[in-house]
Amino acid sequence: MTGRNQTVISEFLLLGLPIESEQQDMFYALFLAMYLTTVLGNLLIIILIRLDSYLHTPMYSFLSNLSFSDICFSSVTIPKLLQNMQSQDLSISYAGCLTQMYFFLFFANLDSFLLVTMAYDRYVAICFPLHYSTIMSTKLCLSLVVLSWVLTTFHAMLHTLLMARLCFCADNVIPHFFCDVSALLKLSCSDTRVNELVIFFIGGIIVIIPFLLIILSYARIVFSVLKFPSGGGICKAFSTCGSHLSVVSLLYGTVIGLYFCPSANNSPVKEIAMAVMYTVVTPMLNPFIYSLRNRDMKGALGRVFCRNKILFSL
Ligand SMILES: *[C@@H]1O[C@H](CO)[C@@H](O)[C@H](O)[C@H]1NC(C)=O
């Protein structure tokens, strides 16, 4: 790299969304609305699950963890995007960029591990209903959550440290709305082969295995429901699993398409649209799909509000 103008870069420029400046206001409002929906929807779920003792079950404690992770996940990217859109200042410091990348990977992974845990939980509940409470003990639930946190810490740390090794020379313009691993790799002027290999193998394991486990869980649920058919049971299982699977495929489909398929023919606009799908849209949809169309949650909403109404009127 001798002879190259090696200025050390202290900040990056995030170009944001590929939109015209007259559309800026509309997109600002849209993303603000989606962010607020995500935060409020997920917060409502966490509060309901805390307050209502009927919801103190493994399934809802995982859901509450998922909601927490979704709030954090969308808070890693959207506030910065909104701030950049508002101030027209596109810069993000080098440290800020790596920090954003770390937390982005962290919460994206945590989401995916929690989705696996939830699929496993449903699998046990539907296929072994009599042993559910002995299998899904408090200890196992806590271990699964702790294991998710530990694995995702190491994985996010690995990618972030590998990224911190790289040099960035003249080009500091990221054509994206957050510090994305693959966008940063393209900017680097060092050898990125190790990073690419790690993304491909470790990242592949971290993405593909949860995805397969989820599909396996739901497949076994479907088989066990089909083996002992009862009119209402099939409908209920299919509507639950179908909606879960739609979120799962939206999340994994976009992630796999973005990071593991050759990106030479992906236009930047398409890449950003796919990134918006899994960074903004899935955290917003999760609470609705996993809970708000669910009878227990609606019951809890009623109970919590009625109790508070009585408290206030006293
Ligand atoms: C996450 O799950 C664990 C284990 O079930 C539970 O103890 C904890 O309260 C949950 N955390 C949140 C924020 O709901």
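Indexing begins at 1, ligand by ligand and atom by atom, following the structure's order.
Nearest protein heavy-atom contact of atom 9 (O) of ligand 1 is Arg50 NH2, 3.3 Å. Scanning all protein heavy atoms for the shortest distance to atom 5 (O) of ligand 1 gives Ser61 OG, 2.7 Å. Looking only at protein heavy atoms, the nearest one to atom 7 (O) of ligand 1 is Leu142 CD1, 3.9 Å. Considering only non-hydrogen protein atoms, atom 13 (C) of ligand 1 sits nearest to Ser64 OG, 3.9 Å. Atom 2 (O) of ligand 1 has as its closest protein heavy atom Asn65 ND2, 2.2 Å.
For Phe12 and Phe168, the ring centers sit closer than 6.0 Å to each other.
With Thr152 contributing its side chain and Ser148 its backbone, the two residues share no donor-acceptor pair below 3.5 Å. Thr254 places no side-chain N or O within 3.5 Å of a backbone atom of Met277 that could act as its donor or acceptor partner.
Counting the atoms of ligand 1 from 1 in the order shown, those under 4.0 Å from a heavy atom of Val145 are 2 (O), 4 (C).
Between Tyr123 and Tyr120, the ring planes are tilted. Angles from 30° to 60° get that label.
Screening residues 69-101 for ring pair (Phe, Tyr, Trp, His ring centres under 6.0 Å) gives Phe73-Phe104 as the qualifying pairs, with residues at least two apart or on separate chains.
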